[in-house]
Amino acid sequence: MSHVTLLTGPERRRRWREEDQCRILAAAFAPGSTVAAVARQYDVATSLIYKWRRTMRTRETGFAEVVVVPDKPVAASVPAAPPAVIELEIAGKVRLRIPLTTPPTLAAAMVKALGVS
C-alpha cells in the first residue's frame, strides 16, 4: 500500500536556525554517514545541505589580500632571480603561491584551509 501526502495552503518554506544548520551539516559530513541519508532523516533537500556548507565555508574562510612592502627601496641595477614557488590555481578563483622553502606541514595546512583535498 502506498502513502500519499497532500499539502494544501501556502507554500511550505521552513526557516532553519543556524544551530540546526550546523547540527545537520555535522551529521551529514561525519565519517561513515551520507548526505542523502541525513537529508531524509531531517526532511531536507540534499542540495540545501550543500548550499549551507558553501555558505558556511565562505563565511569562515574569508581571506584578505596582504601586500608586503620592504622598508628600504630595492636597487634596480641587478635584476634578482624570481623566487622558486609552487603556484596553485583553484577553479580560476583562488591562486596560492607557496615558496619552496615553506615546510611541508605548513604548505599542507594552507591548502587544507582553502578547502582543497
Side-chain angles (χ1 to χ4, degrees):
M1 179 171 263
S2 64
H3 176 67
V4 176
T5 303
L6 179 62
L7 301 174
T8 60
E11 178 183 353
R12 180 179 168 219
R13 178 173 288 194
R14 293 180 285 180
R15 305 285 182 203
W16 293 91
R17 295 181 314 184
E18 189 170 339
E19 300 86 32
D20 295 332
Q21 291 177 10
C22 291
R23 184 171 36 82
I24 293 170
L25 284 171
F29 296 103
S33 68
T34 63
V35 174
V38 173
R40 279 192 302 272
Q41 178 184 353
Y42 289 99
D43 193 26
V44 177
T46 55
S47 61
L48 186 58
I49 292 176
Y50 287 110
K51 179 180 177 182
W52 289 345
R53 182 175 71 165
R54 276 192 314 273
T55 303
M56 294 290 182
R57 279 186 174 174
T58 57
R59 195 178 315 155
E60 293 175 0
T61 60
F63 285 94
E65 182 178 349
V66 177
V67 177
V68 179
V69 179
D71 290 339
K72 300 175 188 174
V74 179
S77 61
V78 178
V85 296
I86 299 171
E87 186 173 318
L88 301 171
E89 186 169 331
I90 303 164
K93 296 180 181 179
V94 177
R95 184 176 293 155
L96 177 64
R97 293 181 182 178
I98 305 172
L100 290 180
T101 57
T102 304
T105 54
L106 178 60
M110 290 190 300
V111 171
K112 185 177 179 184
L114 292 174
V116 179
S117 305

- Task: Could you tell me which residues satisfy side-chain contact (heavy atoms from CB on, under 4.5 Å) with Ala37, sequence neighbours excluded, listed by chain and number?
- Result: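 Testing Ala37 for side-chain contact (heavy atoms from CB on, under 4.5 Å), a comparison that skips the adjacent residues, returns Thr34, Arg40.
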- Message: Which residues pass the side-chain contact (heavy atoms from CB on, under 4.5 Å) test with Pro99, not counting sequence neighbours?
- Response: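 So Pro99 forms a side-chain contact (heavy atoms from CB on, under 4.5 Å) with Thr101, Thr102.
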- Task: Give, for atom CH2 of Trp16 and atom CD1 of Ile24, the distance between the pair rounded to the nearest 0.5 Å.
- Result: 4.0 Å
- Approximate separation, where rounding is to 0.5 Å, of Thr55 OG1 and Gln21 CD: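 It comes to 7.5 Å.
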- Taking side chain to side chain donor-acceptor pair (under 3.5 Å) as the test, write out the residues that go with Tyr50, two or more places apart.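 Here no residue qualifies.
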If I compare all heavy atoms of [X] with all of [Y], which pair ends up nearest, and what's the gap?
X	Y	value
Ala39	Thr46	CB-CG2, 3.6 Å
Arg23	Tyr42	NH1-CE2, 3.1 Å
Ile98	Ala107	CG2-CB, 3.9 Å

- Item | Arg17: salt bridge (Lys or Arg N to Asp or Glu O under 4.0 Å) partners, not counting sequence neighbours | Glu19, Asp20
- Quick one: salt bridge (Lys or Arg N to Asp or Glu O under 4.0 Å) partners of Arg95, sequence neighbours excluded? Glu87, Glu89
- Is the backbone of Ala27 close enough, under 3.5 Å, to the side chain of Ser33 for a donor and an acceptor to pair up by distance?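 Yes; judged by distance alone, with no hydrogens or angles, the pair exists.
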